[in-house]
*Asks:* 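First the structure, then my questions, so here it is.
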Amino acid sequence: MKIGIGLYRYMLNKENYRFAKQAGCTHIIAHLVDYYRGQNGVHGTDEVKNMGESLANEDVWSYESIQKLKNEVEEEGLTLYAIENFAPADWYDVLLDGPKKEEQIERLKQIIRNVGKAGIPVFGYNFSIAGVWGHLRRPLARGGAVSVGFSDKEGAKQTPIKNGQIWNMTYDENVEGYIDEITTEQLWDRLTYFLNELVPVAEEAGVVLAAHPDDPPLKTLRGTPRLVYQPHLYQKLLDIYPSKSNALEFCMGTIQEMTEGNIYDAIEQYGSQEKLAYVHFRNVKGKVPEYHEVFVDEGDIDMVKALKLLKKHNFDGVLIPDHTPLFDTENPWHMGMAHAIGYIKGIYDAVVKE
């Protein structure tokens, strides 16, 4: 088991690598999609504001660029363990079953080959049309620290998704109308196509594909179905294509937000199958449709109990805070992360090394 940190694209630099190393991390999870640009933490989203513009076929996904990133991380004494999320502009028709689906799935295959060639073992993804949407950004954590939450009562109206948008990002501003309605079964069929095409390529490349659950974990969002909005639905995804390369990006906060089951049984179920590629080790209070993210040591999850279960099942991947509330300081994100990593490292030393 290792401790790491997730860095957004604009944060992939020497300063933050050294911060990670100084905080006690050994591994990096990199986001190459250009969202949250210049933000401190996760920002709010609504029917107007999304996570920005997505561009297709960017060079950042080439083997040369990925290898350069890996080298830069290693120069600071860290390991690049995973890349998280495809650019929406590179796979919107895979998600929408559109005319460019076959062309775009070939693009995704090449990205996975590039990741494998560079020696990066994991690629995380979120198979979702609406994506991460509807978060409120408010002083919701201990001491009035700014964090994000979801509220059906107070949050944004769930308006239909415009054409030219997917996963809460814009890939084409010049189209009108709204995306077509689909059923849950149709979305599962699209995921089946994705896995049948990509898992064999990932196997050959030596890469594990890791699926993130839906956040917020609602059955539908903005008129679109969701896939993994309850813990047991992860199993349905795994059973589509049984393989060591078909695994989970296990977000503890999202699973805790779900209305069925519990986080401890989920760790038992999927940890015993060795399906946890890496873990978002974060905490929340409440469940959908009313919840908010909090500091890792103040939420509804008993993090020590969860860590003991991960140890029980010999989890050998990476724990990252994912995101965390912000301190009222000059460097709110860095202070929040330093607190989260320090807490994780403390209980890790007490539990894993005992």
*Asks:* Please determine whether ring pair (Phe, Tyr, Trp, His ring centres under 6.0 Å) holds for the pair H323 and H280, giving the CA-CA distance in whole Å, both sets of side-chain angles, and the decisive distance to 0.1 Å.
*Replies:* CA-CA 9 Å; H323 29 86; H280 287 175; 7.3 Å; no

*Asks:* Of the non-hydrogen atoms in V208 and A247, which two are nearest, and what is the gap between them?
*Replies:*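 Closest pair (atom of V208, atom of A247, distance): CG1-CB, 3.5 Å.
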
*Asks:* Answer yes or no: does atom CD of Q186 have more than 12 heavy-atom neighbours from other residues, nucleotides or ligands under 6.0 Å?
*Replies:*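 Yes, the 6.0 Å shell around CD holds more than 12 heavy atoms from other groups.
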
*Asks:* Quick one: do E290 and K153 make a salt bridge, cutoff under 4.0 Å?
*Replies:*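 Between K153 and E290 there is no salt bridge, as every charged N stays at least 4.0 Å from the carboxylate O atoms.
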
*Asks:* Any chance the side chains of E203 and S245 put a donor and an acceptor closer than 3.5 Å?
*Replies:*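 Side-chain D/A pair, E203 to S245: absent.
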
*Asks:* Looking at E197 and K109, is any side-chain nitrogen of the basic one under 4.0 Å from a carboxylate oxygen of the acidic one?
*Replies:*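 Yes, K109 and E197 are salt-bridged.
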
*Asks:* Please find the pair of heavy atoms, one from P200 and one from Y241, that lie closest to each other, and give the distance.
*Replies:*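 In this case the closest contact between P200 and Y241 is CG-OH, 3.3 Å.
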
*Asks:* Between I179 and T224, does the side chain to side chain contact (heavy atoms under 4.5 Å, CB included) criterion hold? Intermediate values first, please.
*Replies:* CA-CA 9 Å; I179 65 171; T224 66; 3.8 Å; yes

*Asks:* Taking it one step at a time, do W333 and F19 satisfy side chain to side chain contact (heavy atoms under 4.5 Å, CB included)?
*Replies:* CA-CA 11 Å; W333 181 87; F19 164 74; 4.0 Å; yes

*Asks:* Could you work out, with side chain to side chain donor-acceptor pair (under 3.5 Å) as the rule, every residue matching N262, not counting sequence neighbours?
*Replies:*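 D265.
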
*Asks:* Find the distance between CD1 (I5) and SG (C25) and round it off to the nearest 0.5 Å.
*Replies:*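 One gets 5.0 Å once the value is rounded to the nearest 0.5 Å.
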
*Asks:* So, E298 side chain and F295 main chain: donor-acceptor pair closer than 3.5 Å or not?
*Replies:*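 Indeed, once roles are kept as given, a pair shorter than 3.5 Å links the two residues.
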
*Asks:* Nearest 0.5 Å, please: how far is CD1 in I301 from CG in N283?
*Replies:*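 Going from the CG atom of N283 to the CD1 atom of I301 covers 4.5 Å.
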
*Asks:* Assess the side chains of N71 and E75: does a donor N or O sit below 3.5 Å from an acceptor N or O?
*Replies:*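 There is no such pair between these side chains.
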
*Asks:* Does K244 reach the main-chain N or O of K275 with its side chain, forming a donor-acceptor pair under 3.5 Å?
*Replies:*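 No, K244 side chain to K275 backbone: no donor-acceptor pair under 3.5 Å.
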
*Asks:* Decide yes or no for V296 and T324: does some side-chain heavy atom of the first lie under 4.5 Å from some side-chain heavy atom of the second?
*Replies:*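 Not touching, per the 4.5 Å side-chain cut-off.
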
*Asks:* Has K2 got a side-chain atom pairing as donor or acceptor with D316's backbone, closer than 3.5 angstrom?
*Replies:*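 At least one qualifying donor-acceptor pair exists.
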
*Asks:* Same cluster or not: are I66 and Y10 linked, directly or through other Ile, Leu, Val, Met, Phe, Trp or Tyr residues, by side-chain heavy atoms under 4.5 angstrom apart?
*Replies:*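 Yes.
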
*Asks:* Looking at R190 and L95, would you say the former's side chain and the latter's main chain have a donor-acceptor pair under 3.5 Å?
*Replies:*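 Pair found, side chain donor or acceptor close to backbone of L95.
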
*Asks:* Hey, is K68 close enough to E64 for a salt bridge, meaning N to O under 4.0 Å?
*Replies:*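 E64 and K68: not salt-bridged.
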
*Asks:* Just list the side-chain donor-acceptor pairs under 3.5 Å for residues 338-347, sequence neighbours left out, or say none.
*Replies:*
none

*Asks:* Assess, by modelled atom type and distance only, whether the side chains of Q230 and T259 contain a donor and an acceptor separated by less than 3.5 Å.
*Replies:*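 Yes, a side-chain donor-acceptor pair sits under 3.5 Å.
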
*Asks:* Side chains of E249 and Y125: donor-acceptor distance under 3.5 Å anywhere?
*Replies:*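 Side chains of E249 and Y125: no pair found under 3.5 Å.
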
*Asks:* For S147 and R137, does a side-chain donor sit closer than 3.5 Å to a side-chain acceptor?
*Replies:*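 Note: S147 and R137 side chains miss the donor-acceptor criterion.
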
*Asks:* Side chain to side chain contact (heavy atoms under 4.5 Å, CB included) for D90 and N57? Distances and angles first, verdict last.
*Replies:* CA-CA 7 Å; D90 280 333; N57 300 312; 3.9 Å; yes

*Asks:* Is there a donor-acceptor contact under 3.5 Å from the side chain of N168 to the main chain of A130?
*Replies:*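 The answer is no, because no donor-acceptor pair under 3.5 Å joins these two groups.
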
*Asks:* How long is the gap from CG on N163 to CG on N174, to the nearest 0.5 Å?
*Replies:*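 Interatomic distance, N163 CG to N174 CG, rounded to 0.5 Å: 12.0 Å.
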
*Asks:* Does either side chain, that of N16 or that of H334, offer a donor lying less than 3.5 Å from an acceptor on the other one?
*Replies:*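 A donor-acceptor contact under 3.5 Å links the two side chains.
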
*Asks:* Under the criterion side-chain contact (heavy atoms from CB on, under 4.5 Å), which of V94, I161, D172, L96 is the partner of I166?
*Replies:*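 For I166, the side-chain contact (heavy atoms from CB on, under 4.5 Å) test succeeds with only one of V94, I161, D172, L96, which is L96.
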
*Asks:* List the steps, then state whether salt bridge (Lys or Arg N to Asp or Glu O under 4.0 Å) holds for R282 with E293.
*Replies:* CA-CA 8 Å; R282 64 178 180 85; E293 298 180 12; 3.4 Å; yes

*Asks:* Mark yes or no for whether T220, through its side chain, and G223, through its backbone, hold a donor-acceptor pair below 3.5 Å.
*Replies:*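 Checked: no pair found.
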
*Asks:* What distance separates L55 CG from M169 CE, expressed to the nearest 0.5 Å?
*Replies:*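 Output value for this atom pair is 8.0 Å.
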
*Asks:* Are there more than 12 heavy atoms of other residues, nucleotides or ligands under 6.0 Å from atom NZ of K308?
*Replies:*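 Open: at most 12 neighbouring heavy atoms sit under 6.0 Å from NZ of K308.
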
*Asks:* Quick one: pull up CG in L187 and CD1 in I129 and give me the separation to the nearest 0.5 Å.
*Replies:*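 It comes to 5.0 Å.
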
*Asks:* State which residue, out of Y193, Y171, F194, W61, fulfils the ring pair (Phe, Tyr, Trp, His ring centres under 6.0 Å) condition with W91.
*Replies:*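 Of Y193, Y171, F194, W61, ring pair (Phe, Tyr, Trp, His ring centres under 6.0 Å) with W91 is met by F194 alone.
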
*Asks:* Carefully, step by step, assess S128 and R226 under the rule side-chain hydrogen bond (donor to acceptor under 3.5 Å, both in side chains).
*Replies:* CA-CA 7 Å; S128 170; R226 310 283 266 176; 2.9 Å; yes

*Asks:* Give the minimum heavy-atom separation between L237 and A211, together with the two atoms involved.
*Replies:*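 So the two residues come closest at CD1-CB, 3.7 Å.
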
*Asks:* Using a strict threshold of under 4.0 Å (side-chain N to carboxylate O), is an ion pair present between E76 and R18?
*Replies:*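 Looking at R18 and E76, the cut-off is met.
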
*Asks:* Could you go through the ring pair (Phe, Tyr, Trp, His ring centres under 6.0 Å) check for Y8 and Y35 one step at a time?
*Replies:* CA-CA 7 Å; Y8 299 119; Y35 44 59; 5.8 Å; yes

*Asks:* Do other residues, nucleotides or ligands put more than 12 heavy atoms under 6.0 Å from N196 CG?
*Replies:*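 Enclosed: over 12 neighbouring heavy atoms sit under 6.0 Å from CG of N196.
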
*Asks:* To the nearest 0.5 Å, what is the distance between OH on Y270 and CG on L238?
*Replies:*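 Rounded to the nearest 0.5 Å, the OH-CG separation comes out at 6.5 Å.
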
*Asks:* Looking only at atom types and distance, does a side-chain atom of D214 sit under 3.5 Å from a main-chain N or O of L227, one as donor and one as acceptor?
*Replies:*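 Confirmed, D214 side chain pairs with L227 backbone.
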
*Asks:* Take F281 and M303 through the test side chain to side chain contact (heavy atoms under 4.5 Å, CB included) and record every step on the way to the result.
*Replies:* CA-CA 8 Å; F281 200 77; M303 303 304 275; 3.5 Å; yes

*Asks:* Is any NZ, NE, NH1 or NH2 atom of the basic residue among K312 and E268 found under 4.0 Å from an Asp or Glu carboxylate oxygen of the other?
*Replies:*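 Yes.
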
*Asks:* Side-chain donor-acceptor pair under 3.5 Å between D300 and Y291, yes or no?
*Replies:*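 No, Y291 and D300 have no side-chain donor paired with an acceptor closer than 3.5 Å.
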
*Asks:* Is a donor on one side and an acceptor on the other found under 3.5 Å between the side chain of D215 and the backbone of T254?
*Replies:*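 It does not hold such a pair.
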
*Asks:* Should the pair K219 and Y229 be classed as cation-pi, given the thresholds of under 6.0 Å to the six-membered ring centre and 45° from the axis?
*Replies:*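 No, K219 does not sit over the ring of Y229.
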
*Asks:* Tell me whether K305 forms a cation-pi arrangement with Y264, defined as NZ or CZ under 6.0 Å from the six-membered ring centre and within 45 degrees of its axis.
*Replies:*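 Verdict for Y264: a cation-pi partner in K305.
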
*Asks:* Just by distance, with hydrogens left out, do T159 and R222 show a side-chain donor and acceptor under 3.5 Å apart?
*Replies:*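 Their side chains do contain a donor-acceptor pair, which is all the 3.5 Å distance test asks for.
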
*Asks:* Salt-bridge test for K101 and D93: reply yes if a basic N is under 4.0 Å from a carboxylate O, no otherwise.
*Replies:*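 Between D93 and K101 there is no salt bridge, as every charged N stays at least 4.0 Å from the carboxylate O atoms.
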
*Asks:* Give the minimum heavy-atom separation between I255 and A266, together with the two atoms involved.
*Replies:*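 That closest heavy-atom pairing would be CG2-CB, 4.2 Å.
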
*Asks:* In terms of side-chain geometry, is the basic nitrogen of E106 or K100 positioned less than 4.0 Å from the acidic oxygen of its partner?
*Replies:*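 Looking at K100 together with E106, the answer is no, because their closest N to O distance does not fall below 4.0 Å.
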
*Asks:* Taking all atoms of both residues into account, what is the closest heavy-atom pair of L218 and F150, and its distance?
*Replies:*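 Residues L218 and F150, closest heavy atoms: CD1-CZ, 3.6 Å.
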
*Asks:* Over all heavy atoms of both residues, which pair between C251 and D322 is shortest? Give the atoms and the distance, please.
*Replies:*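 Nearest heavy atoms, C251 then D322: SG-OD2, 4.5 Å.
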
*Asks:* Heavy-atom distance under 4.5 Å between the side chains of I29 and L80, does that happen here?
*Replies:*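 The answer is no; the side chains never approach within 4.5 Å.
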
*Asks:* Would you check if the side chain of K287 reaches a backbone N or O of Q256 as a donor-acceptor pair within less than 3.5 Å?
*Replies:*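 Looks like yes, one N/O pair under 3.5 Å.
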
